[in-house]
Student: 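Just passing along the structure, written as structure tokens.
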Amino acid sequence: LSCQKVYCSSAFRRRGFNCLFVMISWKKCICFFAVFALCVTVNPASGGAACFGACAIACCEAGVFAFANPLGIAVGVTGCAGVCMVACAGGLFVPPACFSNTTTVIVAKSGESWKSITVDLVKAGDRVLTLVENKPFFTPVVRNVKSTGHFEFVTFEIKSAQEDSRKLKVTPNHGMAVENRGELLLASANSVAPYKTRFISNDGLVEVQKVIRSYEPQTYTLVTVEGTVLANSVLVTTLCEEEVVSHAGRNLNNVLLEWKRKHQYKV
């Protein structure tokens, strides 16, 4: 059995909650419904409506104990519902692997030709451009969660061999695809150093020439079936922070294979 969809009622919409369409096992359905029941009685301003949605997804996928322990939250009978209430109200949880709303991706929608749009316009079910085995491929979007607050960002100023300059802005915990002696490795954005790091783009290798830190009030947590996307023409992952931390320095293709076997997303 599976819980095919979790619907938000009109009451959720009036309170500012977005609907979550996710494929989850029947055991995890209980966790989601508990969180949504909690949201009915919680003022979104206390922790942010988007925080609860993102926290619920992260908690249910990781498991309540694995999710709560690193945050130092005791797990009670309320499970993910209670954990996310504490995590969001106390600012302990920040949705990981996030993009700035200025990020652009190439999207192909049914019956339409592909086009470049900003990440805030991407919807679940859209197909976005990425690279699979170094070839262009359109991968379905599992979800794209908006969060509001005060978030740190890292902006990379990048230049290609053709002297083409571009910028990419992500959160410090974002998983990056880094080239090292012909091998593609996973690295956190926080570890990237100028003139020492090369990314993969849709037109070859690009070098990071400058790193700038800033803060913004919004983030977008985009997840795709392939676990990657071309953002501002640069290949980046859509993995969660825990996986980036656990597997940083490993071959990215191997990490993605394990990640896809674990999640088996379908859209």
Side-chain angles (χ1 to χ4, degrees), residues 94-107 114-122 128-137 139 144 150-224 226-241 243-256:
V94 177
C98 301
F99 295 97
S100 163
N101 60 4
T102 60
T103 304
T104 59
V105 298
I106 303 296
V107 63
W114 62 266
K115 59 183 177 180
S116 176
I117 63 174
T118 52
V119 71
D120 58 304
L121 300 178
V122 177
V128 292
L129 187 63
T130 187
L131 296 177
V132 176
E133 296 181 354
N134 211 32
K135 296 179 181 178
F137 180 80
T139 178
N144 186 24
H150 187 62
F151 305 104
E152 184 180 10
F153 276 90
V154 177
T155 301
F156 301 117
E157 293 189 0
I158 305 163
K159 183 171 288 189
S160 68
Q162 292 76 30
E163 298 300 314
D164 173 44
S165 297
R166 68 194 73 167
K167 294 181 180 180
L168 175 64
K169 185 182 292 187
V170 295
T171 48
N173 51 10
H174 206 108
M176 310 299 296
V178 174
E179 189 275 339
N180 183 38
R181 299 179 181 179
E183 185 178 11
L184 195 59
L185 303 179
L186 174 65
S188 71
N190 209 34
S191 68
V192 171
Y195 298 104
K196 295 182 180 180
T197 306
R198 293 195 296 181
F199 295 150
I200 308 297
S201 74
N202 59 347
D203 55 359
L205 294 174
V206 292
E207 183 181 61
V208 177
Q209 296 197 328
K210 193 173 183 180
V211 179
I212 303 170
R213 294 185 181 271
S214 60
Y215 290 85
E216 290 191 8
Q218 297 177 346
T219 64
Y220 287 85
T221 305
L222 179 72
V223 178
T224 70
E226 289 296 323
T228 58
V229 66
L230 281 170
N232 291 11
S233 300
V234 175
L235 182 67
V236 299
T237 78
T238 62
L239 307 183
C240 69
E241 179 183 8
E243 285 155 329
V244 175
V245 172
S246 299
H247 302 296
R250 288 186 56 198
N251 180 280
L252 178 60
N253 291 326
N254 292 338
V255 173
L256 289 173

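Remember, predicted model here, so these are calculated numbers, not experimental data. Index from 1, following the sequence.
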Student: Measure up the Phe199 and Phe156 rings against each other and bin them: parallel (under 30°), tilted (30 to 60°), perpendicular (over 60°).
Tutor: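 Perpendicular: the ring planes of Phe199 and Phe156 meet at over 60°.
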
Student: Write out all pairs satisfying salt bridge (Lys or Arg N to Asp or Glu O under 4.0 Å) with one or both partners inside residues 179-190, taking only residues at least two apart or from two chains.
Tutor: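 Listed once each, the pairs are Glu179-Arg198.
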
Student: List the steps and the verdict of side chain to side chain contact (heavy atoms under 4.5 Å, CB included) for Val178 and Leu186.
Tutor: CA-CA 6 Å; Val178 174; Leu186 174 65; over 6 Å; no

Student: Tell me, do Tyr220 and Val122 make a side-chain contact under 4.5 Å, heavy atoms counted?
Tutor: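 In short, these two side chains do not touch, never coming nearer than 4.5 Å.
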
Student: Restricting to salt bridge (charged side-chain N to carboxylate O under 4.0 Å, His left out), what partner residues turn up for Lys167, sequence neighbours left out?
Tutor: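 Expected list: Glu157.
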
Student: Would you sort out whether Asn232 and Ile158 count as a side chain to side chain contact (heavy atoms under 4.5 Å, CB included), showing the intermediate values?
Tutor: CA-CA 10 Å; Asn232 291 11; Ile158 305 163; over 6 Å; no

Student: Indicate yes or no: at least one non-hydrogen side-chain atom of Val255 is less than 4.5 angstrom from one of Thr237.
Tutor: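 Side chain of Val255 against side chain of Thr237, heavy atoms only: no contact under 4.5 Å found.
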
Student: Distance from Asn173 atom CG to Leu239 atom CG, nearest 0.5 Å?
Tutor: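 Taking CG in Asn173 and CG in Leu239, the distance rounds to 11.5 Å.
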
Student: Measuring from Ile106:CD1 to Thr104:OG1, what's the distance to the nearest 0.5 Å?
Tutor: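 Ile106 CD1 to Thr104 OG1: 6.5 Å, rounded to 0.5 Å.
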
Student: To the nearest 0.5 Å, tell me how far Leu222 CG sits from Asp120 CG.
Tutor: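 Rounded to the nearest 0.5 Å, the CG-CG separation comes to 11.5 Å.
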
Student: Ignoring hydrogens and angles, tell me if any N or O in the side chain of Asn144 forms a donor-acceptor pair with the backbone of Val119 under 3.5 Å.
Tutor: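 The answer is yes, because a donor-acceptor pair under 3.5 Å joins these two groups.
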
Student: Step by step, work out the side chain to side chain contact (heavy atoms under 4.5 Å, CB included) result for Glu207 and Tyr195.
Tutor: CA-CA 7 Å; Glu207 183 181 61; Tyr195 298 104; 3.8 Å; yes

Student: I need the Thr238 OG1 to Glu243 CD distance, nearest 0.5 Å.
Tutor: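 Answer for the OG1-CD pair, Thr238 versus Glu243, is 9.5 Å.
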
Student: If you apply the rule side-chain hydrogen bond (donor to acceptor under 3.5 Å, both in side chains), what do you find for Thr130 with Glu226, and how did you get there?
Tutor: CA-CA 8 Å; Thr130 187; Glu226 289 296 323; over 6 Å; no

Student: What's the spacing between Glu241 CD and Thr171 OG1 if we round to 0.5 Å?
Tutor: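 So the gap between those two atoms works out to 8.0 Å.
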
Student: Hey, does Ser165 have a side-chain heavy atom less than 4.5 Å from the side chain of Lys159?
Tutor: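 Result yes, sub-4.5 Å side-chain heavy-atom pair found.
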
Student: Taking all non-hydrogen atoms of both residues into account, name the closest pair between Ala189 and Val170 and its distance.
Tutor: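 Closest approach of Ala189 to Val170, heavy atoms only: CB-CG2, 3.8 Å.
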
Student: So, do Val128 and Thr139 sit near enough that their side-chain heavy atoms are less than 4.5 Å apart?
Tutor: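 Of all side-chain heavy-atom pairs linking Thr139 with Val128, at least one is under 4.5 Å.
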
Student: Are any of the side-chain heavy atoms of Leu129 and Pro136 separated by less than 4.5 Å?
Tutor: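 Of all side-chain heavy-atom pairs linking Pro136 with Leu129, at least one is under 4.5 Å.
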
Student: Which atoms form the tightest heavy-atom contact between Gly249 and Leu185, and what is the distance?
Tutor: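 Scanning both residues completely, I find the closest heavy atoms to be O-CD2, 3.8 Å.
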
Student: Ignoring hydrogens and angles, tell me if any N or O in the side chain of Thr219 forms a donor-acceptor pair with the backbone of Cys98 under 3.5 Å.
Tutor: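 Such a contact is absent between Thr219 side chain and Cys98 backbone.
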
Student: Please determine which of Glu152, Lys169, His150 meets the side chain to side chain contact (heavy atoms under 4.5 Å, CB included) test together with Glu216.
Tutor: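 Of the listed options, the one satisfying the test is Lys169.
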
Student: Roughly how far apart are Thr103 OG1 and Ile117 CD1, rounded to 0.5 Å?
Tutor: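 Reported value, rounded in 0.5 Å steps: 12.0 Å.
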
Student: Can you name the closest pair of heavy atoms from Ala231 and Leu168 and give their distance?
Tutor: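 Looking at all heavy atoms of both residues, the closest pair is O-CD1, 3.7 Å.
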
Student: I'd like to know whether Thr197 forms a side chain to side chain contact (heavy atoms under 4.5 Å, CB included) with Met176, so could you lay out the CA-CA distance, the side-chain angles of the two residues, the decisive distance to 0.1 Å, and finally the verdict.
Tutor: CA-CA 10 Å; Thr197 306; Met176 310 299 296; over 6 Å; no

Student: Please determine whether side-chain hydrogen bond (donor to acceptor under 3.5 Å, both in side chains) holds for the pair Ser188 and Asn190, giving the CA-CA distance in whole Å, both sets of side-chain angles, and the decisive distance to 0.1 Å.
Tutor: CA-CA 5 Å; Ser188 71; Asn190 209 34; 5.6 Å; no

Student: Are Thr228 and Leu131 close enough that some pair of their side-chain heavy atoms sits under 4.5 Å apart?
Tutor: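 Side chain of Thr228 against side chain of Leu131, heavy atoms only: no contact under 4.5 Å found.
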
